[in-house]
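First up is the structure itself, then whatever we jot down about it.
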Number of protein chains: 6
Amino acid sequence: MERAEIIGLSPIIIEPIVRAALAEDLGRAGDITSDAIIPAEARARGILAARQPGIVAGIEVAATAFRLLDPQTKVEVLRHDGDDVTAGAAIATVAGKARALLSAERVALNFLCRLSGIATATRALVDAVQGTRARVCDTRKTTPSLRALEKYAVRVGGGVNHRFGLDDAVLIKDNHIALAGGIGASVSKARERLGHMVKIEIEVDRLEQVREAIDARADVIMLDNMPIPDMRRAAGMASAAGVVVEASGRITAESAAAIAATGVDMISAGWITHSAPILDIGLDFESD
Amino acid sequence: MERAEIIGLSPIIIEPIVRAALAEDLGRAGDITSDAIIPAEARARGILAARQPGIVAGIEVAATAFRLLDPQTKVEVLRHDGDDVTAGAAIATVAGKARALLSAERVALNFLCRLSGIATATRALVDAVQGTRARVCDTRKTTPSLRALEKYAVRVGGGVNHRFGLDDAVLIKDNHIALAGGIGASVSKARERLGHMVKIEIEVDRLEQVREAIDARADVIMLDNMPIPDMRRAAGMASAAGVVVEASGRITAESAAAIAATGVDMISAGWITHSAPILDIGLDFESD
Amino acid sequence: MERAEIIGLSPIIIEPIVRAALAEDLGRAGDITSDAIIPAEARARGILAARQPGIVAGIEVAATAFRLLDPQTKVEVLRHDGDDVTAGAAIATVAGKARALLSAERVALNFLCRLSGIATATRALVDAVQGTRARVCDTRKTTPSLRALEKYAVRVGGGVNHRFGLDDAVLIKDNHIALAGGIGASVSKARERLGHMVKIEIEVDRLEQVREAIDARADVIMLDNMPIPDMRRAAGMASAAGVVVEASGRITAESAAAIAATGVDMISAGWITHSAPILDIGLDFESD
Amino acid sequence: MERAEIIGLSPIIIEPIVRAALAEDLGRAGDITSDAIIPAEARARGILAARQPGIVAGIEVAATAFRLLDPQTKVEVLRHDGDDVTAGAAIATVAGKARALLSAERVALNFLCRLSGIATATRALVDAVQGTRARVCDTRKTTPSLRALEKYAVRVGGGVNHRFGLDDAVLIKDNHIALAGGIGASVSKARERLGHMVKIEIEVDRLEQVREAIDARADVIMLDNMPIPDMRRAAGMASAAGVVVEASGRITAESAAAIAATGVDMISAGWITHSAPILDIGLDFESD
Amino acid sequence: MERAEIIGLSPIIIEPIVRAALAEDLGRAGDITSDAIIPAEARARGILAARQPGIVAGIEVAATAFRLLDPQTKVEVLRHDGDDVTAGAAIATVAGKARALLSAERVALNFLCRLSGIATATRALVDAVQGTRARVCDTRKTTPSLRALEKYAVRVGGGVNHRFGLDDAVLIKDNHIALAGGIGASVSKARERLGHMVKIEIEVDRLEQVREAIDARADVIMLDNMPIPDMRRAAGMASAAGVVVEASGRITAESAAAIAATGVDMISAGWITHSAPILDIGLDFESD
Amino acid sequence: MERAEIIGLSPIIIEPIVRAALAEDLGRAGDITSDAIIPAEARARGILAARQPGIVAGIEVAATAFRLLDPQTKVEVLRHDGDDVTAGAAIATVAGKARALLSAERVALNFLCRLSGIATATRALVDAVQGTRARVCDTRKTTPSLRALEKYAVRVGGGVNHRFGLDDAVLIKDNHIALAGGIGASVSKARERLGHMVKIEIEVDRLEQVREAIDARADVIMLDNMPIPDMRRAAGMASAAGVVVEASGRITAESAAAIAATGVDMISAGWITHSAPILDIGLDFESD
């Protein structure tokens, strides 16, 4: 996916989150180290530099942190969200009052490293399934209060988003099925009581349930931890019926290719948001 | 550290964070899946069960999620924060209205898995340095808006906390030193302008700076990415001077033992909060 | 739709909205009238009574207002959300401290009357299309900050909800089409860049666009202000293609039947949320 | 009333309300339609045009919505709050990034249409009583959380405001009177316990109570649903005593003239805020 | 004024303020002293005791602090708001978990001491004018964000409240008069453009202005720093005209009696909220 | 301390507090006096002038109030925070729209007078101990929700800050000692369970406890209400052991010199924040 095609994030969403993070870090007295020992008028210039290869995500979020502490801070973006960087690559430069740069540094990096880590993990999965019809998507296993940002990072990495919350799509899992009286009853109740703009997905883990789900006219069928051969048959059945199929269950960059080869439409992975290590990015101050 | 000795978290801090996470997940329409297909009066019982071995952290946070959606929900805690669990171990049971349990499940698990992941990572480091004088601590490389919770998880794992923000202690890094005119000037300015309840730490990366820092009467010296032999000499010098020494710089469970053996007082690690994978914990509903 | 089948609202969503409304009304000094002239220990009992026939919606919201001012207030619900009431019907009784009842009265009624008004308007449309396949739905023309509540009231009235915001489904309108390069390009770009859980609707106002939209594989086609005969043909084309069709554009209880008879699946109406008059409900205090 | 004489609204009050409305509509992913299919650099120009005649109110609120999504958006106001517009009249133009215009459109219109609807309803009442001494005012029957805006719209329509909440003036109703021990006791307790900057109004529904209220030295007497002849006598009695008289109770544009002719000072109407239909205003994009 | 007659404060107003104060004090880690060294199960009992004589105000606010940290905490109120206490008097007892008591102590006392200080200062003024017709009132010179509480404390001390903000009454000062074109123009513009529930006060500092203000039909005239003889004449003129008169300008407990003797209706004093010293109250833990 | 050396306050901390104060004062209708009677286009110029001698603090906070109501307002600062002003001194000028200046006036002054009052009180204590080694510090006896601002004012006055909350340093008081099992146990438990960046202070009131505290290796010893001779011996003992000593307990500008002469390092005083009278500062509008 090209950079210009990433679905972005409104400042209305970004700003309050960054403001809260700065407030959390500044506490009740602010950056006592910088304020105590660095002259108010001192200026500095720094480079946000990758310490390891990966995909950049969150530059605008990081820039917001610097600008909120001092609107005069100049942020020059050298590599954009979605760009592939090598270790040592300069991602952006920041210039302005030294105190403001130092005070915003950690918050800016905490966002940038985390989001880039998610984008990098996503890209690994995306690359692993290249050449197949499968697309990579995320889950609701995101960090509390950062879902909008983390799902953005998944998009930056080349993935697409699964639902954003409990309210924007239906996902019927095994426990729902048991309590609602079976696959058919579950889907038809949801269809009847909800509007026409809501997609209905149902999770199955056995092949015979796939047929039931197709007959129930689910929009999407999630194959949970299914053996590869079953998955292939399920993908075939669903494809014939015009139903989207999503594979799920601890899918890694290693296992993804084989799963994608079964013909599923979607591969969802929780770890790209809940367990991706950060992409190490640092802020190097320049000597004059 | 025994369970009773963990410094806890006030509900005043926990509740707004969990409430925000539930609001994020429920969005504008709530859990449309459960509400559409599960009878309002249906009741259920589930077990929070570990899917892999590790240290539990955040049970009270998870319980808060369940109780906020339905105050009648019964949460029985079987394993407490700080307990070591094996794969399959039951951590807690939840019982109540089926809809409320299902609607709270993901938020409860997102907190519990993440915090337990941090505690587990911390414990690995703590175990690695056992028998030495070194204690393990965290950094400010935490998830924006979750610092209080993540630092709690570090305590649960047997670590202690480094500063909570920019305002509760001084940490003078290389960029500060350059802008403030050297180690001696930095420490003395901070000492002069700040109160007597603030500890002053200074980061050094060369042995000759250790002497300067001791002479400047810093409370704590951080050795950043220093070679082991230098670290040993630095630890000796500082110990003789009654100054606390902290080792820092990509310290892993593998490298920690050797570093601890140098005699440093503290080992700080950013990855235990920013890159620890979650501890996989699931919610299994019981059949009656 | 039976009462038990209405998709409800979580207290997590209701409570902050009611709390804000009470704070708005109490201001900086509270209910100075009641506090100044009514004894603190005085108790009262009142009946929420309909002053005109209609559909009740928002009883739980109103009850929350009374309970937030005094948790001891007893609210007995006599008619539930979705119930059809006649003028004079008792909807609920409230009993407790007189001051608390009087202080909460206006906020409770402001919610209850407005939501019941929306439910009543919705029911009129629903009744008008009875016997056809058409279902009634709402729009995003809701009161700022009350969307969750107002869309709930639509459900109470027997309608279903269109999308809740800009982020949970795609609706491509004429301006989008013009800027994006046509119907086909619009739908395919949306399909390609968004996840599989998002429905895509496209608005058309001429019959030839219906074919384009079907070919573009839109999930839903909105017929905007189309003449009845065209609407009938469009409904036929879409039905044959398995595409959902929504009629839109100033549809009233009078015009709805004829539109529904064209075979459309959905009828959406903005006025049920933006211009429905309230259902007049009052609080009558009982003499002892 | 001339435009310049309308008591305005501070940005301190407007901005948080508009920001909350945008956040409600953008949800967790923003405007996925526009972001997915419209090029980031595309620009557009639109006209806010009245679809029916009425009084404009809320232009600055609508403009705030556009500017919050993109501070570069140019808003040119052609007709100001309080202006009388005909169907088709251009009220303002907006020009800027196409995505930002489309994303803000619904929120801007939701405010503008609602507030203009209230102003239009108010103006109808104001016109109906022209030539009498009566002024038109509102009630506390406003939309929860929008009271400041809706009462502003009443001012725009030529009305004045009754109290803003429970705390800025006293209004003693029948239930208060019963619980407090009569009209005389009610007014004197309020007068004694409250400060000198608070006006005291008492609601009566029988002529004999008017005398009691005058004797009790109420500042304002509200005549609730009183027959016209009684109202005339009450107005005369009050006028002679220098007490302000307010008529209340389902007063419509039709019944207002006769009521005003009785000589009352004020006519208050709840429906101008709780049941006024919106003024239909749309955003027409221009072709280049 | 008897205790039962004080206009109280709703929990809807109190609770968010106390919650914010606790959050401010607990910060990101809570009460690390108590949590680190006091056993979780330890219980304690303490007495809120006056260290100096004065008027108690804010007991419920203090109790809220204790209860928010632990709902099980028992608070027994021995002396109520408005009570006169001597040094050493027990005001209330608190009993519960030792950690919760210690963690809430400072916040509870910060509120209680401040509010009691204001009540005590107010009572001194009230006592000074006893026997005259003058009542004591406050100003808008209150602590930012605590106005509701501080004005409550003034009521507890026996005073009444001046306006609560810029929006609930009109106060025309010298600068307004200059910009608006004189006393007559100021009052008549305000009367014309504002509703009938708003009192209009005008500040004057010369005797000739009093006549102008009476002729302009102001509701209240504020005499700002006027010499006693002029004040007496002004009071007489206003009284004859049925206009309320308020004396203002650095009025102390010493100067109040002479001012009250002039026959003014109100005496307003800013220092009772902005410069009253706290009433010293401590929390004594009991040994068992 | 020179002006440039005062540890400042970030706009991230200041702005939300000022915004809340303006919202509190503007209420639901704004400044109805100015809006009703002063022409929208009227401009004015005013001087913030000291009415009594003292130390200025909070100029930036006051300026924020003016700028938030109208970003075009020009604020020219003539005397900076920390400057010593005489009665009549011009502190700053403000120029802009008359309505905005008048609407912001009270909030700006409420902050400026309070903070300057605290700085002035602090400076009195600082001056009293000049020539000794003692420094002046504050306590947690601050106004709820204004701690960050009030502790800033203490710094402006030449003091330093004690801890900012319960979470950034340990202070073990008599009740803690009793519940934790003595001085030695208290300090060692705190040391063991908390990180290395936290200072530990212990309060003692008898000389024999000083030795215990030194032996327990507390970082700071607070002498609470100790007789001067004991204080001198305590200071000597602590100094010899390299432990910081803080004197506490109703220390006034009168008693401070004698206490400082005992050789203590720190003198803490609650009254400088909880009972300092404001510094009277007014806003004088200029005639043209």
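In what follows, chains carry the letters A, B, and so on, assigned in the order in which the sequence lines appear, proteins first and then strands, with residues in each chain numbered from 1. Just the heavy atoms: all of them, side chains too, but no hydrogens, waters or symmetry mates, feed the values below. Here the structure is a predicted model, which is why all the values come from computation and not from measurement.
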Task: Greatest number of heavy atom pairs closer than 4.5 Å to chain C - which of Asp284(D), Thr142(D), Leu283(D), Val107(D) - done: Thr142(D)
Task: Interface residue of largest heavy-atom contact number with chain D, from Ala23(C), Ser188(C), Gly117(C), Ala36(C), under 4.5 Å - done: Ala36(C)
Open item on the list: Only pairs of heavy atoms separated by less than 4.5 Å count here; which of Ile17(C), Leu22(C), Leu179(C) has the most with chain D?
Closed with: Leu179(C)
Task: Heavy-atom contact with chain C under 4.5 Å, split by part of Asp280(D) - done: side chain
- [ ] Examine distances only and state if a side-chain atom of Thr73(C) and a backbone atom of Gly96(C) form a donor-acceptor pair shorter than 3.5 Å.
- [x] no
TODO: Taking the side chain as every heavy atom from C-beta outward, state whether Asn175(C) and Lys173(C) have any atom pair closer than 4.5 Å.
DONE: no
Open item on the list: Under 4.5 Å from any heavy atom of chain C, what part of Arg28(D) do you find: side chain, backbone, both or neither?
Closed with: both
Task: Leu146(C) portion near chain D, given a 4.5 angstrom heavy-atom threshold - done: both
- [ ] Could you look at Val18(C) and say if it's the side chain, the backbone, both or neither that has a heavy atom under 4.5 Å from chain D?
- [x] neither
- [ ] Run the numbers on Thr143(C) and Thr143(D) for side chain to side chain donor-acceptor pair (under 3.5 Å), then give the verdict.
- [x] CA-CA 8 Å; Thr143(C) 310; Thr143(D) 309; 5.3 Å; no
TODO: Side-chain contact test, heavy atoms from C-beta onward, threshold under 4.5 Å: evaluate it for His274(D) versus Thr139(D) and give yes or no.
DONE: no
TODO: Let me know if Arg191(D) has heavy atoms under 4.5 Å from chain C in its side chain, its backbone, both or neither.
DONE: neither
Open item on the list: Among Ser186(C), Ala42(C), Ala20(C), which residue has the highest count of heavy-atom pairs closer than 4.5 Å to chain D?
Closed with: Ser186(C)
Task: Selection from Ala180(D), Ala178(D), Gly30(D) maximising heavy-atom pairs under 4.5 Å formed with chain C - done: Gly30(D)
- [ ] Please tell me if the side chains of Leu69(C) and Leu26(C) come closer than 4.5 Å, counting only heavy atoms from C-beta onward.
- [x] yes
- [ ] Count the heavy atoms belonging to other residues, nucleotides or ligands that lie under 6.0 Å from NZ of Lys199(C), then report whether that count exceeds 12.
- [x] yes
Open item on the list: Are Thr33(C) and Arg163(D) packed together at the side-chain level, in the sense that at least one heavy-atom pair is separated by less than 4.5 angstrom?
Closed with: yes
Task: Ile251(C) backbone acceptor or donor facing Trp271(C) side chain under 3.5 Å - done: yes
Task: Leading residue by heavy atom contact count with chain C [cutoff under 4.5 Å; candidates Cys113(D), Ala98(D), Ser145(D), Gly46(D)] - done: Ser145(D)
- [ ] Identify which part of Ala190(C) has an atom lying under 4.5 Å from any heavy atom of chain D, answering side chain, backbone, both or neither.
- [x] both
- [ ] Report yes if the side chains of Asp224(C) and Val204(C) come closer than 4.5 Å at any heavy-atom pair, otherwise no.
- [x] no
Task: Residue among Asn110(C), Val187(C), Leu109(C) with most heavy-atom pairs under 4.5 Å to chain D - done: Asn110(C)
Task: Part of Leu194(D) within contact of chain C (heavy atom distance under 4.5 Å) - done: side chain
Open item on the list: Given heavy-atom pairs under 4.5 angstrom as the criterion, report whether the side chain, backbone, both or neither of Arg51(C) touches chain D.
Closed with: side chain
Task: Test item: side-chain donor near acceptor, His162(D) and Glu246(D), under 3.5 Å - done: yes
Task: For chain D, the option from Ala21(C), Ser34(C), Ala148(C) that forms the most heavy-atom pairs under 4.5 Å - done: Ser34(C)
Task: Side chain, backbone, both or neither of Arg147(C) within contact of chain D (heavy atoms, under 4.5 Å) - done: both
Open item on the list: Tell me if a side-chain donor or acceptor on Ser248(C) pairs with a main-chain N or O of Met222(C) at a distance below 3.5 Å.
Closed with: no
TODO: With a 4.5 Å cut-off on heavy-atom pairs, point out which of Pro144(C), Ala29(C), Gly270(C) contacts chain D the most.
DONE: Pro144(C)
Open item on the list: For the interface with chain C, which of Ala44(D), Ala169(D), Pro39(D) has the highest count of heavy-atom pairs at distances below 4.5 Å?
Closed with: Ala169(D)
Open item on the list: Are Asp31(D) and Asp167(C) packed together at the side-chain level, in the sense that at least one heavy-atom pair is separated by less than 4.5 angstrom?
Closed with: no
